[in-house]
Every structure is written in C-alpha cells, then in structure tokens.
Amino acid sequence: MLKALLLEGMSSSYHRAGGMRMLYMGLWKKRILWAAAGLGVLALVACSPFILRAAAPAGMDWGKLSEVSQAYGAVAVLFSAAAFLGAVISIWHQAKQTRIMHEEIRSSMHKELILRALDDESLMYCWEPPPIPCTFLEVRQHTFCNLIYRLWLTDYLVGRMTLEATRITLEVHFKGEVARRHWKIYGQQWNDWGKANANGREKEFVSLTQRVYEMAVASGSPVAANSYYEPPQV
C-alpha cells in the first residue's frame, strides 16, 4: 500500500515537472509576443511620417498641423508614462512567475529524491544520519513529515499561503504524535538553518513553526499515532 502511494507521488511529481516545462514554454511565448508587439510599434512609429504624407490631402499646411500637435504634448507625456509603467509591471510579473516556476521545479526534484529513498532503505543511507538513534520506521515517518513541511514552506515563499494560514495549519499538524516527535528531533536543525539564511520569509516561517510547536507542547499530550483511526469493523 505504501509503495503504491509513493509511486503515485513520484508520478505526480513527474506530471508537475511536465507542467513546469509547459509553464516555462508559455512564459517564453509571452515574451516573444511582447517583443514582436514592441518591434511592430517601433516600425509603425518609424514609418508614420511616410504614412501621414501619403494619406494627407494635397495642399495641407504641415506647419499649422505641427502647432496643433504641440498642444497635445502634455497628454502624450502622460500616455507615455502610463505605457512605461505598464511595461515595468509586466516585467515584474514575469520575474515573479519565473521565480515561482524555479521554486516549483526545485521542490519537485527534492520530493522525488525523498520518495525514492523512502521506497528503498539502502538509499536512506545516502542522506544524513538522524540526530538521535531511531528505527527505520521512525526515520521514514520523520522524512515524510519533513516533506510535508517543505511543501508548506514552498507555498509560503511563493505566496500561495499567508502567515496566518500557516499558523492554523501548523496548529493542527502539531496535534499529532509523529509531527511533534519530528520537530523535537529536527527542529533545532531547522532553526539553525533559518537563522543562517538570508531570506527573511524563510526565517519568519521557521520562527513561527517553533512558536506553534512550543504552544502545542504546553497545551498537553499529543494524539497517539495508534489512536488516529478506528479498527476496521468485522
């Protein structure tokens, strides 16, 4: 059963990676369209004198027309500023989408490595040893908790989860025995990593996790893993 779930997770990771590639191609298509539109506008501006001269009736006073056009110079400046602001916003949005895509690809690759190791005990020795002696079952549980935690961290970093939503999620998470045991063993490593990291949002996320964990411990005993589910009815 566990192996089937792990294989299903790896398959999902593969499809998500394919989705990331499609997103990446979509971003490039958008950039090409923007570039083509920009070149089209430049070509239109460059050819506008010839187009106007060809379309204007004979005997038109170009000097008078120039005086009229100067009266609308201020309006043209405003439109130019608005166009420039739109271009800046578009570039910022594309940069944000690219950052999200990179975070998704990195998270997908990390998840696939973990799932492979969970399915093959010999590969678990390629990762770092646990801080304290644990059974292989406990290590697998802690590793899976770590995988869940990294998913929430990625969601927070890319803006899919707010800090308040993270707090609520962690409060529910730390009601469980395995979740508390995982953070009790690996929490110090996460805190050290958060303090050493230059990303303020990552520090904030880990710091919140530590506070929620301490509040959960102070609230009483966790729900035992063997009491999560009712035994099957015969």
Can you check whether [X] reaches [Y] side chain to side chain, under 4.5 Å on heavy atoms?
X	Y	value
M124	T143	yes
E202	V206	no
L170	Y213	no
W190	F205	no
Y149	T209	yes

Task: For the student: nearest non-hydrogen atoms of A179 and C145, plus distance - done: CA-SG, 4.2 Å
TODO: Taking all non-hydrogen atoms of both residues into account, name the closest pair between E177 and A225 and its distance.
DONE: OE1-N, 2.6 Å
Task: Stepwise ring pair (Phe, Tyr, Trp, His ring centres under 6.0 Å) test for W152 and H173 - done: CA-CA 11 Å; W152 293 336; H173 180 63; 5.0 Å; yes
With rounding to the nearest 0.5 Å, note down the distance linking [atom1] in [X] to [atom2] in [Y].
X	Y	atom1	atom2	answer
R181	F174	CZ	CZ	13.0 Å
Q210	W183	CD	CH2	6.5 Å
R180	S221	CZ	OG	7.0 Å
L123	E121	CG	CD	10.0 Å
L151	N146	CG	CG	11.5 Å
T169	I148	OG1	CD1	11.5 Å

Open item on the list: Taking the basic N atoms (NZ, or NE/NH1/NH2) and the acidic carboxylate oxygens, is any pair closer than 4.0 Å for R167 and E171?
Closed with: yes
Task: Residues E204, R201: salt bridge by 4.0 Å N-O rule - done: no
Keeping the roles fixed (side chain from [X], backbone from [Y]), state whether a donor-acceptor pair exists under 3.5 Å.
X	Y	value
K175	V223	no
S90	A87	no
N191	G187	yes

Open item on the list: In terms of relative ring orientation, are Y186 and H142 parallel, tilted or perpendicular, with 30° and 60° separating the classes?
Closed with: perpendicular
TODO: Please check if atom OH in Y229 has more than 12 non-hydrogen atoms from other residues, nucleotides or ligands closer than 6.0 Å.
DONE: no
Task: F136 atom CZ: more than 12 heavy-atom contacts under 6.0 Å - done: yes
Open item on the list: When you group the ILVMFWY residues by side-chain heavy-atom contacts below 4.5 Å and let the links chain together, are W193 and L208 in the same group?
Closed with: yes
TODO: Report whether V217 and I185 are members of the same hydrophobic cluster (ILVMFWY, side-chain heavy atoms less than 4.5 Å apart, transitive linking).
DONE: yes
Open item on the list: Could you tell me if R211 and S207 have a donor-acceptor pair between their side chains, going purely by distance under 3.5 Å?
Closed with: yes
